[in-house]
Amino acid sequence: MGQTFTALSDKHIEFIENQKIFFVGTAVDTGNVNISPKGGDSLRVVDANTIVWQNLTGSGNESATHVIRNPRMTIMFCAFEGKPLILRTYGNARVLHRNDAEWAQYMALFEPNFTARQIFILDISLVLSSCGMAVPFFDYQGDRDFLDKWAMKQGEEGIEQYWIKRNQKSLDGFDTEIVTRAGIKAASDE
């Protein structure tokens with residue numbers, strides 16, 4: 001049976017800190033709903049009502065464009081080992097880019113990574129736990145290093161050019177603000 005809470009408990013926080021994967025859900029009023037699996041060392045619980053997530057470079061950039069237009073966000077955690085549990089955190093999020101005033105404060109929570117394109121801050125208003133008894137067991141074998149290897153080949157400037165080419169618009173054509181708010185110039189602009 002599901003339970004609702006207005007904040008994360010110590011047990012919830014411990015559960016979150018032990019997860020290797022989480023799922024982020026966002027949507028605007030029209031267009032596509034986005035659900036993204038995330039992993040690595042990219043999430044921090046700041047307090048019982050705040051989660052910070054470092055968004056690394058990827059092929060799409062839906063979460064940013066959605067949160068700019070509609071701040072609703074859900075982050076789901078799911079036990080794939082041990083006792084079954086699904087934990088969802090609901091609330092409003094805001095997105096930070098490199099030139100935003102709070103960027104350095106929140107980036108300090110993570111190891112430096114030049115592929116970090118945004119930081120999301122989720123202000124939690126509701127926590128929902130459910131049983132997850134039908135979720136299968138899976139074994140964690142390790143993090144993939146494909147993004148790190150690809151990023152090293154690109155270099156910081158190459159990553160920025162990738163953002164210009166692939167991360168400026170959502171699937172529905174909405175602007176992600178990555179170029180303007182991160183202060184990126186196209187190679188031809190220099």
Side-chain angles (χ1 to χ4, degrees), residues 19 21-44 46 50-78 86-107 109-110 113-126 128 143-144 146-151 153-190:
Q19 299 312 299
I21 187 172
F22 59 97
F23 302 85
V24 177
T26 57
V28 291
D29 294 335
T30 62
N32 294 292
V33 173
N34 186 61
I35 302 171
S36 293
K38 302 294 178 184
D41 186 27
S42 63
L43 186 130
R44 298 288 184 272
V46 175
T50 311
I51 290 177
V52 176
W53 156 49
Q54 179 189 53
N55 188 24
L56 304 178
T57 298
S59 56
N61 201 2
E62 300 302 298
S63 299
T65 193
H66 288 176
V67 167
I68 290 167
R69 281 153 192 79
N70 188 335
R72 294 176 308 151
M73 178 182 280
T74 300
I75 301 179
M76 185 187 83
F77 307 90
C78 185
I86 298 171
L87 189 70
R88 293 176 181 92
T89 57
Y90 300 87
N92 286 331
R94 52 197 171 100
V95 58
L96 300 178
H97 290 82
R98 282 196 310 219
N99 282 356
D100 292 336
E102 296 173 285
W103 177 262
Q105 171 191 343
Y106 286 103
M107 275 300 290
L109 298 173
F110 303 96
N113 189 331
F114 67 87
T115 67
R117 61 184 174 186
Q118 288 111 4
I119 294 173
F120 290 88
I121 303 160
L122 176 63
D123 295 319
I124 299 167
S125 58
L126 176 67
L128 177 67
D143 289 336
R144 293 184 179 171
F146 299 124
L147 178 61
D148 292 337
K149 288 179 179 177
W150 174 81
K153 287 182 185 176
Q154 306 305 310
E156 190 166 351
E157 188 175 307
I159 293 294
E160 290 178 356
Q161 293 307 307
Y162 182 84
W163 292 347
I164 291 168
K165 290 179 186 173
R166 302 286 306 267
N167 285 173
Q168 288 193 71
K169 300 285 182 189
S170 72
L171 291 171
D172 299 312
F174 298 120
D175 188 0
T176 67
E177 299 181 2
I178 193 166
V179 171
T180 55
R181 288 178 60 190
I184 299 171
K185 293 183 178 182
S188 60
D189 292 345
E190 296 175 351

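Count residues from 1 along the sequence.
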Nearest 0.5 Å, please: how far is [atom2] in [Y] from [atom1] in [X]?
X      : Y      : atom1 : atom2 : answer
Trp163 : Arg117 : CH2   : CZ    : 8.5 Å
Asp41  : Asp143 : CG    : CG    : 8.5 Å
Leu43  : Ile51  : CG    : CD1   : 5.5 Å
Gln168 : Phe174 : CD    : CZ    : 16.0 Å
Phe110 : Leu56  : CZ    : CG    : 9.0 Å
Ile68  : Gln118 : CD1   : CD    : 7.5 Å

Are the side chain of Thr176 and the backbone of Ala64 linked by a donor-acceptor contact shorter than 3.5 Å? no
Asn61 side-chain N/O to Lys169 backbone N/O, donor-acceptor pair under 3.5 Å: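 Pair absent, no side-chain N/O of Asn61 close to backbone of Lys169.
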Between [X] and [Y], which heavy-atom pair has the shortest distance, and what is it?
X      : Y     : answer
Phe23  : Ile35 : CB-CG2, 4.4 Å
Lys38  : Trp53 : CE-CZ2, 3.3 Å
Ala182 : His97 : N-CB, 4.1 Å
Ile75  : Val24 : CG1-CG2, 4.3 Å
Ser63  : Asn34 : OG-ND2, 3.7 Å

Qualifying salt bridge (Lys or Arg N to Asp or Glu O under 4.0 Å) pairs with a residue from residues 172-184, counting only residues at least two apart or across chains: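 Residue pairs with at least one partner in residues 172-184: Asp100-Arg181, Glu177-Arg181.
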Pairs where residues 51-63 contributes a residue and the test salt bridge (Lys or Arg N to Asp or Glu O under 4.0 Å) is met, not counting sequence neighbours: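 Qualifying pairs: none.
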Listed by chain and number, what are the salt bridge (Lys or Arg N to Asp or Glu O under 4.0 Å) partners of [X], not counting sequence neighbours?
X     : value
Arg94 : Glu102
Arg88 : none
Asp29 : none

Between Val46 and Leu109, is any pair of side-chain heavy atoms under 4.5 Å apart?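 Yes. Closest side-chain heavy atoms under 4.5 Å.
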Listed by chain and number, what are the side chain to side chain donor-acceptor pair (under 3.5 Å) partners of Lys165, not counting sequence neighbours?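 Scan of Lys165 (side chain to side chain donor-acceptor pair (under 3.5 Å), adjacent residues dropped) gives none.
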Between Ile178, Ile184, Val179, Thr57, which is the residue that forms a side chain to side chain contact (heavy atoms under 4.5 Å, CB included) with Glu160? Ile184
So with a 6.0 Å cut-off around CG of Leu126, is the heavy-atom count from everything else above 12? yes
